[in-house]
Amino acid sequence: APLSENYIYRAREHQPRGARAVLVDLNSDPESWQPDGKGETVEVHEKKGPCCAGPAKKAEDEPVVKKNRKLIWVVCTQLSHRSSSAEQRDEAEELMTWVDSLVAGHEGPEKLGVVICGDLNAAPFAPCSSYSKLAAGKGWLDTWKSAGTWCKQATYPSCCAPACGVRLDHVFVLDRPGLAKVECTSTRVLGDAYEDRVAAERCGIVVELKIHEEED
């Protein structure tokens with residue numbers, strides 16, 4: 001169940017862009033979370049420019065620490081549509097910096113898992129892009145590379161995906177010492193059904209993850 005919801009940054013030039021981070025306890029009862037007071041909310045940071053990131057403000061009332069929690073930060077994002085631009089790379093850098101602040105601000109005994117997913121507007125082969133920036137970041141792993149297939153990986157355009165097109169939407173996990181290891185056991189693009197291809201201009205990605213709290 002969600003323990004907190006953090007709006008980390010957004011921009012309103014040309015296209016709405018930004019990210020949202022939700023801290024989830026995988027061992028809790030999903031029906032036990034009440035959005036009217038038991039979660040913490042961090043204010044939106046806004047400024048002029050392609051993307052505005054600020055350090056996460058810590059809520060005055062921390063969620064009650066429970067035993068045997070299995071925590072994971074799930075960060076959903078959409079970055080600049082200008083592929084391989086400085087704007088896009090800067091947004092990816094700001095995103096990683098902000099996620100680092102989330103990890104550094106954790107005070108509980110549990111090891112955190114961290115996932116970034118969403119529309120990076122960049123194909124894996126695009127040079128100097130948000131994808132290449134994230135892939136080169138310390139500990140960031142593309143789940144498709146570990147569990148995906150060579151074919152049927154396109155998410156755009158939905159009318160042709162997943163067989164034809166490019167993969168602009170991605171799921172990354174963070175693999176660093178001191179964090180829970182997040183393993184991708186399977187991943188696929190939703191594009192086989194007619195409804196998957198007409199629901200939006202992009203096809204969705206389904207990823208199955210396993211969290212290992214203990215060191216290997």
Side-chain angles (χ1 to χ4, degrees), residues 1-6 8 17-28 30 33 69-79 91-92 95-96 98-100 102-103 110-126 129-158 160-176 179-193 195-197 199-214 216:
L3 299 180
S4 68
E5 295 182 89
N6 298 330
I8 56 179
R17 299 186 298 275
R20 183 180 187 178
V22 179
L23 181 63
V24 180
D25 182 1
L26 299 181
N27 282 346
S28 68
W33 183 69
R69 296 194 304 178
K70 182 177 290 187
L71 302 181
I72 183 169
W73 275 110
V74 180
V75 183
C76 185
T77 188
Q78 179 183 8
L79 301 184
E91 289 181 3
L95 176 62
M96 290 188 291
W98 198 88
V99 172
D100 284 344
L102 288 179
V103 173
E110 311 88 356
K111 290 185 178 181
L112 295 171
V114 183
V115 177
I116 286 180
C117 55
D119 179 6
L120 300 187
N121 271 312
F125 53 79
S129 65
S130 58
Y131 178 93
S132 63
K133 190 76 173 179
L134 195 57
K138 181 182 178 182
W140 287 106
L141 305 176
D142 180 1
T143 57
W144 195 274
K145 287 188 174 181
S146 61
T149 60
W150 182 84
C151 59
K152 290 191 174 183
Q153 62 172 287
T155 61
Y156 176 83
S158 58
C160 302
C164 299
V166 292
R167 180 161 57 94
L168 301 181
D169 308 89
H170 309 276
V171 181
F172 278 79
V173 297
L174 186 56
D175 184 12
R176 288 182 190 168
L179 296 180
K181 181 178 178 60
V182 182
E183 176 190 2
C184 178
T185 57
S186 70
T187 180
R188 64 186 179 91
V189 175
L190 291 175
D192 293 332
E195 292 78 6
D196 297 331
R197 298 191 296 273
E201 66 174 6
R202 308 289 180 89
C203 287
I205 298 178
V206 176
V207 177
E208 293 186 9
L209 302 174
K210 184 177 181 180
I211 299 180
H212 304 274
E213 298 175 287
E214 302 297 328
D216 294 333

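Values below: every heavy atom of this structure, side chains too, minus hydrogens, waters and symmetry copies.
Annotation for Gly137 and Met96: closest pair CA-SD, 4.1 Å, computed over non-hydrogen atoms. Minimum interatomic distance between Ala126 and Ser129 (heavy atoms only, all atoms of both residues): O-OG, 3.0 Å. Residue Ala21 comes nearest to Leu102 through the heavy atom pair CB-CD1, 3.8 Å, listed as atom of the first residue, atom of the second, then distance. In plain terms, the two heavy atoms of Leu134 and Trp140 that are nearest each other are O-CB, 3.2 Å. Of all the heavy atoms in Arg69 and Leu71, the pair that sits closest is NH2-CD1, 3.6 Å. Between Ser130 and Leu79, the closest heavy-atom pair is CB-CD1, 3.8 Å.
Below 30°, between 30° and 60°, or above 60°: for His170 and Tyr131 the angle between ring planes is between 30° and 60°, a tilted geometry.
In this structure, CG on Leu120 lies 10.0 Å from CD on Gln78, to the nearest 0.5 angstrom. With values rounded to the nearest 0.5 angstrom, Asp169 atom CG is found 9.5 Å from Arg167 atom CZ. Here the CZ-CG distance, from Arg176 to Leu141, works out to 10.5 Å after rounding to the nearest 0.5 Å. In this structure, Leu112 CG and Leu174 CG are separated by 10.0 Å, a value rounded to the nearest 0.5 Å. If you take CG on Leu209 and OG1 on Thr185, they are separated by 7.0 Å, rounding to the nearest 0.5 Å. Note that CG of Leu179 and NE2 of His212 are 14.0 Å apart. Values are rounded to the nearest 0.5 Å.
No donor-acceptor pair under 3.5 Å is formed between the side chain of Thr187 and the backbone N or O of Trp144. A distance-only check finds no donor-acceptor pair linking the side chain of Thr143 to the backbone of Phe172 [under 3.5 Å]. The backbone N or O of Ala200 lies less than 3.5 Å from a partner atom in the side chain of Ser158, making a donor-acceptor pair.
For the pair Val99/Trp73, no side-chain contact is recorded, criterion being any heavy-atom separation below 4.5 Å from C-beta on. Taking the side chain as every heavy atom from C-beta outward, Leu95 and Val75 approach each other to under 4.5 Å. For the pair Ile211 and Leu26, the minimum side-chain heavy-atom distance is below 4.5 Å. Side chains of Val171 and Val115 form a contact here, defined as non-hydrogen atoms less than 4.5 Å apart. The side-chain heavy atoms of Glu110 and Asn27, taken from C-beta on, include no pair separated by under 4.5 Å.
With respect to the salt-bridge test (charged N to carboxylate O, under 4.0 angstrom), the residues Lys138 and Asp100 do not qualify.
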